[in-house]
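Single-structure report; data block below.
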Amino acid sequence: MPRPDVEPLRELLHRALVRYLTVRPRGFELQHGDRLRPVVEARILGHGGARTLYENRRPKCRSLDGVRPVTGDLRRSCADCAQRSRCVPQVRVDLIVERRPLRLLLAYSSARAFFGYEAELRQRGRRIEDVLTKITVVNRGSWGELRFG
């Protein structure tokens, strides 16, 4: 059962227009033009499946639940989309960094690290919402891979 003090924050994040935490090979960009930070501390409020269709390395369509696109057109469905096979499966992580609500989309290796971290916490009887998580960017050349701890 979710903590009562986290649940209102989670609801706000799902309804609000949330900014995405940008990951660069050398660190996080909290705001455009700020210096990159190789490490941030975050309170993770929730996570789930997502998918994004990219064209020319830019998102063309996105679903934060893997079922419906964010566009707001309730008639559209990811299952019926002709371009679904080109979508990139991701993990959506809603978090708070320095009192700012942010969203992070994780690709394969970072998602694997995230689920390993969450499983480790669960084995110790801890919930991810109750822990201040340190997230580190590992430079992989043209992309940044995330580590959680």
Side-chain angles (χ1 to χ4, degrees), residues 2 6-123 127-129 131 133-149:
V6 172
E7 195 57 35
L9 291 172
R10 188 177 289 143
E11 288 298 318
L12 283 171
L13 270 172
H14 284 289
R15 290 190 186 131
L17 181 62
V18 177
R19 291 186 29 235
Y20 289 87
L21 180 56
T22 303
V23 179
R24 305 269 184 232
R26 293 183 293 113
F28 296 99
E29 185 178 58
L30 290 181
Q31 278 190 195
H32 184 70
D34 279 0
R35 69 175 176 79
L36 296 178
R37 300 179 189 193
V39 178
V40 296
E41 287 189 338
R43 174 87 50 199
I44 297 174
L45 301 176
H47 64 280
R51 53 189 321 114
T52 303
L53 174 65
Y54 291 97
E55 277 192 5
N56 299 321
R57 301 183 67 163
R58 297 221 178 265
K60 178 180 179 187
C61 181
R62 177 167 284 150
S63 171
L64 297 177
D65 60 5
V67 178
R68 299 235 175 262
V70 179
T71 61
D73 183 355
L74 296 176
R75 296 170 296 177
R76 290 186 58 206
S77 164
C78 293
D80 298 331
C81 181
Q83 298 183 54
R84 182 172 187 235
S85 63
R86 294 182 39 223
C87 284
V88 176
Q90 298 169 313
V91 174
R92 171 195 43 80
V93 180
D94 296 321
L95 40 83
I96 303 286
V97 176
E98 296 178 1
R99 298 185 303 247
R100 297 181 217 174
L102 296 166
R103 182 166 286 137
L104 186 58
L105 293 176
L106 306 177
Y108 179 75
S109 60
S110 295
R112 187 178 61 213
F114 173 76
F115 285 127
Y117 170 68
E118 190 219 13
E120 181 182 311
L121 287 175
R122 242 183 303 120
Q123 286 177 339
R127 294 167 14 138
I128 202 161
E129 298 94 358
V131 177
T133 300
K134 182 177 164 182
I135 308 172
T136 305
V137 177
V138 177
N139 188 339
R140 298 293 186 213
S142 62
W143 55 283
E145 184 176 323
L146 302 183
R147 297 285 183 239
F148 299 83

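For the single chain, residues carry numbers from 1 onward in sequence order. Just so you know, these numbers use all the heavy atoms, side chains as well, and skip hydrogens, waters and symmetry mates.
Each of Arg84, Arg62, Lys60 was compared with Leu53 under the side-chain contact (heavy atoms from CB on, under 4.5 Å) criterion, and only Lys60 meets it. When the options Glu145, Arg140, Arg147 are evaluated for a side-chain contact (heavy atoms from CB on, under 4.5 Å) with Ser109, the one that passes is Glu145.
Few gaps surround OH on Tyr20; more than 12 heavy atoms of other groups in view lie less than 6.0 Å from it. Within a 6.0 Å sphere centred on CZ of Arg26, heavy atoms belonging to other residues, nucleotides or ligands number 12 at most.
Across all their heavy atoms, Leu36 and Arg24 have their closest contact at CD2-CG, 3.9 Å. Nearest heavy-atom pair, Tyr54 versus Arg86, reported as atom, atom and distance to 0.1 Å: O-NH2, 3.8 Å. Taking all atoms of both residues into account, the shortest heavy-atom contact from Cys78 to Gly66 is CB-O, 3.8 Å. Annotation for Ser77 and Arg68: closest pair CB-NH1, 3.4 Å, computed over non-hydrogen atoms. Gln90 and Thr52 get closest at one heavy-atom pair: OE1-OG1, 2.6 Å. Taking every heavy atom of both residues into account, Gly144 and Ser110 meet most closely at O-OG, 4.3 Å.
Atoms CD and OG1, from Glu41 and Thr136 in turn, are 9.5 Å apart once rounded to the nearest 0.5 Å. Rounded to the nearest 0.5 angstrom, Ile135 CD1 and Phe114 CZ are separated by 8.5 Å. Put simply, CD on Gln31 and OG1 on Thr22 are 10.5 Å apart, with the number rounded to the nearest 0.5 Å. Atoms CG and CD, from Leu121 and Glu129 in turn, are 10.0 Å apart once rounded to the nearest 0.5 Å. Here the CG atom belonging to Leu45 is positioned 5.0 Å from the CD1 atom belonging to Ile96, to the nearest 0.5 angstrom.
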Working for side-chain contact (heavy atoms from CB on, under 4.5 Å), residues Arg92 and Leu105: CA-CA 5 Å; Arg92 171 195 43 80; Leu105 293 176; 3.9 Å; yes

Step by step, would you call Leu104 with Leu146 a side-chain contact (heavy atoms from CB on, under 4.5 Å)? CA-CA 11 Å; Leu104 186 58; Leu146 302 183; 3.7 Å; yes

For Arg103 and Leu64: C-alpha separation, side-chain torsions, deciding distance, then whether side-chain contact (heavy atoms from CB on, under 4.5 Å) applies. CA-CA 10 Å; Arg103 182 166 286 137; Leu64 297 177; 3.2 Å; yes

Using the rule given for side-chain contact (heavy atoms from CB on, under 4.5 Å), can you reason through Arg76 versus Cys61, listing the C-alpha separation, both sets of side-chain angles and the distance that settles it, and then say yes or no? CA-CA 12 Å; Arg76 290 186 58 206; Cys61 181; 3.9 Å; yes

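Between Tyr117 and Phe148, the ring planes lie parallel to each other; the angle is under 30°, not in the 30° to 60° tilted range.
Looking only at distances, no side-chain donor or acceptor of Asn56 sits under 3.5 Å from a matching main-chain atom of Arg58.
Remark: Val97 engages Leu30, Val40, Ala42, Leu95, Leu102 in a side-chain contact (heavy atoms from CB on, under 4.5 Å) (not counting sequence neighbours).
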